[in-house]
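Read the structure below first, then the notes.
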Amino acid sequence: MANHLDDIVLVEKSGKLQPSIGVDAIITPEDRVDYLRNKTGVEIQDVRLEDWNASVVSDSTRLLIVRSVGIDTAGENDKLNGLAAMEREMIRLARLIEDCKRLKFDMAVIVADHGFMLQPAFRVSDQIQKPAGNDIVLEESRMLAGNLNDSPDTLSFTPAQFGANISAMKLVYAKDYTVFRRGEVYYHEGLSLQENIVPIITVKLQEEKQRQQYRVSLTYKDKTEGTVYMHRPIIDVNTAFSDLFADDVNIRITVVGDDGSSIGRPEGKFYNDVTELVDIPADAAKIRQPISIDDDYNGHTITVTAFDAETNATLSVLRLNFESE
């Protein structure tokens, strides 16, 4: 699933290939959820499908992740007998979608990390010999990675041929529907279409509403640059609505210092302490928004950023010099 997040690198750690993005290791499901949380900046809730209960979803959740290994587990453990369990997992998924619709989520995206092949039976001729080699960092029923020889029963590629950043000399795949392990009838590591086509389904759960169009620009003393000499400056939030009869909009404002960490927050009559959002009246071309900078901040810059409260899209960025009094 890591490959759905971003461009990943597979690096060798303790004799095994492990995925990472930049300096962030994303080995476990929890790692991936943390990466999404840092990437999106929205409230994320992570739930297992077998533990699903609509009542556990928080009102503040903006991205709900529901994970399942039920189909994979049924195939790995029960082979053909696991088909009934796979069908039950699909029913759970359908009920989940209905619950998400009732919870007023806008969209559901259903995605798998791989396809799979399930054969009716294992034949002795299905098993082939592993190619000779060493430094093996990945060993699956239909795929190996390492310093391996070519063989008539396999296809081998370098990571560069795949355009992938992988710490292995070769990636070797069993031809046709053969396997390296005796008795394997369920697998998903090979090159067949059944194993490689990854289903992604997007379901719109609510009627699409026309989003009102508006623009926001942040200024300080009517300029987009300058120096702040106080810990309680006032930032101008300039707005322009495309609709004469527009509704009020909510934005989120962050204040960060030299190293990108939070060093302040909005305050005043337009700021809601509960939602932590700034409410902009539809009839306001400009609001004067006080900013409270931490008294112990002695950095040289401050960056004020406005985000759309619903989409988390960046609306405006204001970078200012800072000199403490």
Side-chain angles (χ1 to χ4, degrees), residues 1-21 25-29 31-32 67-83 85-86 89-90 110-200:
M1 290 300 289
N3 205 35
H4 289 303
L5 299 177
D6 212 325
D7 293 329
I8 68 169
V9 176
L10 290 175
V11 295
E12 186 271 328
K13 291 184 179 180
S14 303
K16 293 183 178 180
L17 285 180
Q18 302 288 8
S20 64
I21 300 175
I26 46 172
I27 300 169
T28 66
D31 292 338
R32 298 163 197 160
R67 296 185 284 120
S68 169
V69 295
I71 291 178
D72 217 19
T73 300
E76 296 280 1
N77 296 338
D78 300 324
K79 316 304 182 190
L80 283 174
N81 292 331
L83 289 173
M86 294 181 187
E89 198 73 356
M90 296 299 291
I110 307 166
V111 60
D113 56 346
H114 53 71
F116 66 84
M117 189 68 188
L118 181 57
Q119 300 283 16
F122 176 79
R123 299 171 300 179
V124 175
S125 60
D126 291 338
Q127 186 179 10
I128 62 172
Q129 291 294 319
K130 297 177 183 178
N134 52 46
D135 297 331
I136 296 175
V137 290
L138 185 63
E139 187 172 357
E140 301 291 346
S141 59
R142 280 173 46 78
M143 184 267 185
L144 303 169
N147 183 10
L148 298 156
N149 295 337
D150 294 335
S151 75
D153 296 322
T154 61
L155 293 171
S156 63
F157 305 88
T158 64
Q161 287 177 293
F162 279 150
N165 194 339
I166 302 174
S167 299
M169 290 189 65
K170 281 185 180 179
L171 309 175
V172 177
Y173 296 88
K175 287 183 178 179
D176 302 319
Y177 293 106
T178 57
V179 293
F180 297 124
R181 299 174 184 167
R182 181 177 180 81
E184 293 282 7
V185 295
Y186 172 85
Y187 39 76
H188 48 73
E189 309 93 357
L191 294 178
S192 72
L193 289 177
Q194 292 92 331
E195 296 164 270
N196 275 270
I197 292 180
V198 177
I200 300 177

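Both backbone and side-chain heavy atoms feed into the values below; hydrogens, waters and symmetry mates do not.
The shortest distance between side-chain heavy atoms of Leu138 and Glu140 falls below 4.5 Å. Contact check for Val172 versus Leu155: no side-chain heavy atoms found under the 4.5 Å cut-off. Taking 4.5 Å as the limit, every side-chain heavy atom of Ser167 sits out of range of all side-chain heavy atoms of Val137. Thr178 has its side chain out of reach of Asp153: every pair of non-hydrogen atoms, C-beta onward, lies at least 4.5 Å apart. With contacts defined as side-chain heavy-atom distances shorter than 4.5 Å, the pair Leu148/Ile136 qualifies. Tyr186 has its side chain within reach of Asp72: a pair of non-hydrogen atoms, C-beta onward, lies under 4.5 Å apart.
Partner Arg142 forms a salt bridge (Lys or Arg N to Asp or Glu O under 4.0 Å) with one of Glu184, Glu195, Glu189 and no other, that one being Glu195.
Side-chain polar atoms of Ser151 and Gln129 form no donor-acceptor pair below 3.5 angstrom.
With sequence neighbours left out, the side-chain contact (heavy atoms from CB on, under 4.5 Å) criterion links Val9 to Val11, Ser20, Asn165. With sequence neighbours excluded, no residue forms a salt bridge (Lys or Arg N to Asp or Glu O under 4.0 Å) with Asp78. Applying the side-chain contact (heavy atoms from CB on, under 4.5 Å) test to Asp150 and every residue at least two apart in sequence or in another chain returns Ser156, Lys170. Every residue two or more places apart in sequence or in another chain that forms a salt bridge (Lys or Arg N to Asp or Glu O under 4.0 Å) with Glu139 is listed here: Lys130. Legend: residues meeting side-chain contact (heavy atoms from CB on, under 4.5 Å) with Asp176, ordered by chain and number and at least two apart, are absent. The side-chain hydrogen bond (donor to acceptor under 3.5 Å, both in side chains) check on Asn134 picks up Asn147, with sequence neighbours excluded. Partners of His114 under the ring-ring contact (aromatic ring centres under 6.0 Å, His included) rule, at least two apart in sequence or in another chain, are His188.
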Could you tabulate the donor-acceptor pairs under 3.5 Å formed by side-chain atoms of residues 116-124, not counting sequence neighbours?
unit_1, atom_1, unit_2, atom_2, d
Gln119, NE2, Tyr187, OH, 3.0
Arg123, NE, Asp126, OD1, 3.4
Arg123, NH2, Asp126, OD1, 3.2

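Screening residues 152-173 for ring pair (Phe, Tyr, Trp, His ring centres under 6.0 Å) gives Phe157-Phe162 as the qualifying pairs, with residues at least two apart or on separate chains. Sorted by first and then second residue, the salt bridge (charged side-chain N to carboxylate O under 4.0 Å, His left out) pairs with a member in residues 8-19 form an empty list; sequence neighbours excluded. Identified under the salt bridge (charged side-chain N to carboxylate O under 4.0 Å, His left out) test for residues 154-165, with sequence neighbours left out: none. Counting only residues at least two apart or on different chains, no ring pair (Phe, Tyr, Trp, His ring centres under 6.0 Å) pair has a member in residues 128-153.
The two residues Arg32 and Ile26 make their nearest non-hydrogen contact at NE-O, 3.5 Å. Across Gly190 and Asn196, no two heavy atoms sit closer than the pair O-ND2, 2.7 Å.
Of the inter-residue distances, the one linking Thr158 atom OG1 with Met169 atom CE reads 10.0 Å to the nearest 0.5 angstrom.
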